[in-house]
Amino acid sequence: MAALQPVRGTHDLLPDTARAHRAVEARAQEVALRFGFDEIVTPIFEFTEVFKRTLGDTSDIVTKEMYTFEDRGGESVTLRPEGTAAIVRAFISNGLAQQVPVKAFYRGPMFRYERPQKGRLRQFHQVGVEILGVEGPAADIEVIACGYRILEALGLGGTVTVELNTLGDLESRAAYRETLVAYLEGRRGELSEDSLARLHRNPLRILDSKDEGDRAVVAEAPVLADSLNETSRTFFARVQEGLAALDIPVAISPRLVRGLDYYTHTAFEFTTTALGAQGTVLAGGRYDGLVKQMGGPPTPGVGWAAGVERLALLLADPPPAPRPLAVVPAGAEAERLALPLTDRLRRAGFAVDLGFSGNMGKRMKRANRINARAAVILGEDEIAAGAATVRDLDSGEQTQVPLDGLEAGLDRFR
RNA sequence: GCGGGUAUAGCUCAGUUGGUUAGAGCGCUUGGUUGUGGUCCAAGAGGUCGUCGGUUCAAAUCCGACUACUCGCCCCA
């Protein structure tokens, strides 16, 4: 094992896993397209500033998790740790504010220098959607609904809980932050070390703490809902109404907060208990201040990202490998004819394997190993008859089919 | 970044209180079957016991460091 390993926290995806990942991405994109999202592909690295400015200087991602390096021109660049910042940057760079609302779907690798765990890697993959330029709760509803329908399409509707909360608008959030910090200051003696560090950096996170002492303090803490102004209240109510109208079951989690500074109003997480500590499978929220903060025209936004690895781990029945046909020649003459015959079948749309060498027995073995549906056997008898023997490898039944009508004869193995 | 666990064949795992040439199942190769796969039978290949160092007459086994994986914390998809 010591010899040649991939970099810590990165993995090779062998065919079975690769297929599962592709299925997750393809399914997600298919559903997102149905919702009117269109794919945007951004580079996998950006100027470091892009992430620093969006994620906030105090976030964990910026302070300790970024893959940052200087390129040969002396520019500081960073492998993207998440997708939203890049989409927003592209939105500004390309003047997309002119075409609002923009509905973007994205996918691809993300990089975070973290200690790996199950479902947590240094290079991982996300799919995500963002809606830019819509102020009202209709966008929040659409984005959450899209996420939920994707999980349903993956067969995960029942295994995932949709947790929902609101952080309120900027005014409400700031007001709450103040009351919360004041309360926590009063009981700072009871807080865990982690939470003391969070007290000013990111006090909302303390609500989410797993420490017992913290939980006791949090249990009596002022509730965010009480700090919400009228606007925030109605906004949240309308999000809930919309999801109810779509029969999307949600659990209101007053303690659900998001780590990144740019979130306002709606916050949500789709979680599962099947993945240990990494139970969040899809998460996002509204980020009305972000575009402006990055130097663009004030533009509201809402979106989410989902972890492809985590979803792939949950897939109940991973997609099966494709089942090809196998062309099996017997004899030198057949060997010559097999190549153009294989090509002809491939051009007719069949997946066809032609073994590279070996006698008939070996080739039949290979046909079996690659789980071929049928073998198209070509030998002296067949050549003489202008036909091929088609053997159904599941039933063992075989019949001679004239080469003229071969495609039609193979139709049921397509 | 912090704490715990694990590391033996391609895979899943045995390996006694330290004691000769380190095992099994699955998989792989070959043969039984030079025009028929799967099942069955037989044979075979495959291991610096994660790496480096230490203790010992003797280390897969005991000790240390490192690396990777894993579980939890932090954080997050």
Side-chain angles (χ1 to χ4, degrees), chain A residues 1-11 14 16 24 28 55 58-65 81-84 107-128 147 160 192-195 197-198 201-202 205-206 208-211 214 257-260 269-272 275-284 303-314 326 328-331 334 355 358-383 389-398:
Chain A
M1 303 282 158
L4 269 184
Q5 297 172 323
V7 172
R8 181 176 205 191
T10 68
H11 285 298
L14 299 183
D16 285 344
V24 168
L55 301 175
T58 55
S59 72
D60 272 50
I61 292 185
V62 169
T63 54
K64 56 180 202 191
E65 294 179 359
E82 58 106 40
T84 305
R107 65 165 133 202
M110 307 290 166
F111 305 84
R112 279 163 16 192
Y113 191 87
E114 294 190 276
R115 181 129 166 197
Q117 265 179 52
K118 180 178 186 178
R120 193 175 79 182
L121 304 161
R122 288 185 173 181
Q123 176 178 342
F124 60 103
H125 299 79
Q126 292 187 330
V127 294
V160 158
S192 69
E193 214 174 297
D194 279 333
S195 288
R198 286 185 284 218
R201 189 171 44 107
N202 198 345
R205 274 243 82 103
I206 298 176
D208 214 13
S209 174
K210 288 171 192 163
D211 180 88
D214 289 348
V257 293
R258 312 253 55 231
L260 306 179
E269 261 177 44
F270 292 25
T271 59
T272 171
L275 291 177
Q278 273 63 241
T280 302
V281 114
L282 180 154
W304 51 253
V308 174
E309 280 80 1
R310 291 182 186 181
L311 289 172
L313 284 171
L314 291 177
V328 176
N359 58 24
M360 190 177 181
K362 274 203 186 125
R363 288 170 186 262
M364 286 300 289
K365 248 184 195 148
R366 176 175 166 81
N368 188 60
R369 195 170 53 228
I370 63 177
N371 198 22
R373 268 179 207 285
V376 179
I377 299 165
L378 206 55
E380 280 172 30
D381 297 352
E382 284 82 0
I383 293 170
T389 296
V390 174
R391 181 179 178 89
D392 182 325
L393 290 176
D394 290 334
S395 66
E397 249 170 71
Q398 61 182 49

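By convention in this document, chain letters (A, B, ...) are assigned in the order of the sequence lines, proteins followed by strands, and residues within each chain are numbered from 1. These values consider heavy atoms only, across backbone and side chains, with no hydrogens, waters or symmetry-generated copies.
Nearest-nucleotide assignment on RNA chain B puts the 5′-proximal partner with A/Lys362, out of A/Lys362 and A/Gly307.
Under the Watson-Crick or G-U wobble criterion, with both distances below 3.5 Å, B/U29 is paired with B/A43.
As judged by a 4.0 angstrom heavy-atom cut-off over every strand, A/Gly279 is placed among residues making no nucleic acid contact. A/Leu393 comes within contact range of at least one nucleobase, with a heavy-atom separation under 4.0 Å. Residue contacts shown for A/Asn371 are absent, as no nucleic acid heavy atom lies under 4.0 Å away. Within 4.0 Å of A/Ala283, counting heavy atoms only, lie sugar-phosphate atoms of the nucleic acid but no base atom. A/Glu309 comes within 4.0 angstrom of no nucleic acid atom, judged by non-hydrogen atoms across all strands.
Between the CG atom of A/Leu121 and the P atom of B/C69 there is a distance of 9 Å, rounded to whole Å. The separation between A/Asn359 atom CG and B/U29 atom P is 13 Å, rounded to whole Å. Distance, A/Arg366 CZ to B/U30 C1': 18 Å, rounded to whole Å. The interatomic distance linking A/Arg391 (CZ) with B/U36 (C1') rounds to 5 Å, in whole Å. For the pair A/Met360 CE and B/G37 P, the interatomic distance rounds to 8 Å; values are reported in whole Å.
Spacing of C1' atoms, B/C41 relative to B/U33, comes out at 12 Å, to the nearest Å. Between the P atoms of B/C62 and B/C49, the separation comes to 15 Å (whole Å).
For A/Glu269 and A/Thr280, the side-chain atoms include at least one donor-acceptor pair closer than 3.5 Å.
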